[in-house]
*Asks:* 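Can you read through this structure? Questions will come right after.
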Amino acid sequence: MQEPFASTTMPMRAALEAAERAFAAGDVPVGAAVVGPDGSLLAVTSNRVERDRDPTAHAELLALRMAAARLGTPRLVGCDLHVTLEPCPMCAQAISFARIRRLYYGCEDPKGGGVDHGPRIFASSSCNHRPEVYGLIAEAPAAALLKAFFQARR
């Protein structure tokens, strides 16, 4: 039997698996992984808003915190973030503050996104750091998880 995410990169596969765990726990299925400058996987986590009862417990923020703690610095220079959904404005601003080198995301978020939709944080003149952005990476499995989650809620 083939792995469900076999055709995706290792970090995005880890993020998708984390998103599946969030789904099973009743949280919006978004997962994130931070890869260090040396290619090592520094952090993998998922949304924990419901579990932690914390509106800021988005997968991206949790992954950035974990990676910063592991590296012992608030600036993740040379690190890449892989996330299954386009980051919201809050997370996009944190990505900028963390100095992430590259952002890879799965599916777009036309209603709540802050990168290629909505306020487009990285395009703002007040944004001091802009990562390279690559969207629609493993879009189909990321979107399928979100669709299944929200259909089950209706």
Side-chain angles (χ1 to χ4, degrees), residues 1-52 54-67 76 78-96 98-124 127 129-154:
M1 179 175 178
Q2 185 179 7
E3 287 183 60
F5 313 125
S7 64
T8 63
T9 65
M10 185 272 303
M12 187 58 84
R13 187 174 338 137
L16 285 162
E17 290 168 355
E20 285 185 326
R21 290 191 294 277
F23 185 116
D27 255 302
V28 175
V30 177
V34 176
V35 176
D38 64 355
S40 65
L41 200 55
L42 297 174
V44 178
T45 190
S46 62
N47 271 359
R48 293 196 327 237
V49 171
E50 299 301 324
R51 186 183 99 182
D52 293 358
D54 177 355
T56 68
H58 290 200
E60 301 94 312
L61 294 183
L62 297 172
L64 293 174
R65 289 176 191 151
M66 292 168 77
L76 303 175
C79 294
D80 299 334
L81 176 65
H82 300 253
V83 62
T84 60
L85 179 65
E86 176 185 351
C88 73
M90 172 180 69
C91 293
Q93 192 64 61
I95 290 164
S96 175
R99 306 293 192 264
I100 288 293
R101 176 179 57 180
R102 292 184 196 107
L103 166 66
Y104 300 90
Y105 71 82
C107 56
E108 295 178 325
D109 187 353
K111 290 183 181 180
V115 175
D116 290 326
H117 297 86
R120 294 180 168 89
I121 297 299
F122 304 139
S124 170
C127 184
H129 173 78
R130 293 165 181 83
E132 294 174 32
V133 177
Y134 302 93
L136 307 178
I137 309 298
E139 177 187 21
L145 275 171
L146 287 161
K147 184 176 179 181
F149 179 81
F150 287 110
Q151 279 183 339
R153 295 271 183 251
R154 292 184 182 131

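Since this is a predicted model, take the numbers as computed values, not measurements. Because only heavy atoms are used, hydrogens play no part in the values below, and waters and symmetry mates are left out as well, while side chains stay in. For this chain, numbers begin at 1 and follow the sequence in order.
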*Asks:* Taking all non-hydrogen atoms of both residues, which atom of Ile121 and which atom of Gln93 are closest, and how far apart?
*Replies:*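 Nearest pair, atom of Ile121 first, then Gln93: CG2-OE1, 3.5 Å.
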*Asks:* For the residue pair Tyr134 and Tyr104, categorise the inter-ring angle as parallel (less than 30°), tilted (30 to 60°) or perpendicular (more than 60°).
*Replies:* parallel
*Asks:* With rounding to the nearest 0.5 angstrom, report the CG to CG distance, Asp54 to Leu62.
*Replies:* 7.5 Å
*Asks:* To the nearest 0.5 Å, tell me how far His129 NE2 sits from Phe122 CZ.
*Replies:*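 Reported value, rounded in 0.5 Å steps: 7.5 Å.
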*Asks:* Side chain to side chain contact (heavy atoms under 4.5 Å, CB included) between Thr84 and Leu146: does it pass, once the steps are laid out?
*Replies:* CA-CA 10 Å; Thr84 60; Leu146 287 161; 6.0 Å; no
*Asks:* Can you list the steps and then say if Arg21 with Val44 is a side chain to side chain contact (heavy atoms under 4.5 Å, CB included)?
*Replies:* CA-CA 11 Å; Arg21 290 191 294 277; Val44 178; 4.2 Å; yes
*Asks:* Taking all heavy atoms of Arg153 and all of Gly26, pick out the closest pair and write down the distance.
*Replies:*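 Arg153 and Gly26 have their closest heavy atoms at NH2-O, 3.0 Å.
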*Asks:* Could you check whether any side-chain heavy atom of Met66 comes within less than 4.5 Å of a side-chain heavy atom of Val34, counting everything from C-beta outward?
*Replies:* no
*Asks:* Can you tell me how far CZ of Arg102 sits from CD1 of Ile100, rounded to the nearest 0.5 angstrom?
*Replies:*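 Here the rounded value is 11.5 Å.
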*Asks:* Ignoring hydrogens and angles, tell me if any N or O in the side chain of Glu86 forms a donor-acceptor pair with the backbone of Asp109 under 3.5 Å.
*Replies:*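 Yes: the side chain of Glu86 pairs with the backbone of Asp109.
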*Asks:* Which distance, rounded to the nearest 0.5 Å, do you find between the CG of Asp80 and the CD of Glu132?
*Replies:* 8.0 Å
*Asks:* Would you please test Phe150 and Val28 for side chain to side chain contact (heavy atoms under 4.5 Å, CB included) and show each step?
*Replies:* CA-CA 8 Å; Phe150 287 110; Val28 175; 4.0 Å; yes
*Asks:* Considering only heavy atoms from C-beta outward, does the side chain of Leu145 approach that of Glu20 to under 4.5 Å?
*Replies:*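 Counting from C-beta outward, Leu145 and Glu20 do come under 4.5 Å.
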*Asks:* When you look at His58 and Asn47, which way does the side chain to side chain contact (heavy atoms under 4.5 Å, CB included) test go after all the steps?
*Replies:* CA-CA 5 Å; His58 290 200; Asn47 271 359; 4.0 Å; yes
*Asks:* Where is the tightest heavy-atom contact between Leu41 and Ala33, given as atom of each residue plus distance?
*Replies:*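 So the minimum-distance heavy-atom pair works out to CD1-CB, 4.0 Å.
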*Asks:* Looking only at heavy atoms, what is the nearest atom pair of Ala63 and Thr45, with distance?
*Replies:*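 That would be N-CG2, 3.4 Å.
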*Asks:* If you round to the nearest 0.5 Å, how far is CG of Leu103 from CD1 of Ile95?
*Replies:* 5.0 Å
*Asks:* What distance do Leu81 atom CG and Arg101 atom CZ have between them, rounded to the nearest 0.5 Å?
*Replies:*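 Those atoms lie 12.0 Å apart.
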*Asks:* Would you say the side chain of Leu61 lies within less than 4.5 Å of the side chain of Met90, judging by non-hydrogen atoms?
*Replies:* yes
*Asks:* Can you give me the closest heavy-atom contact between Gly36 and Cys79, atom names plus distance?
*Replies:*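 Smallest heavy-atom distance, with atoms named: CA-SG, 3.8 Å.
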*Asks:* Closest heavy-atom contact between Met12 and Gly106?
*Replies:*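 In terms of heavy atoms, the two residues are closest at CE-N, 3.9 Å.
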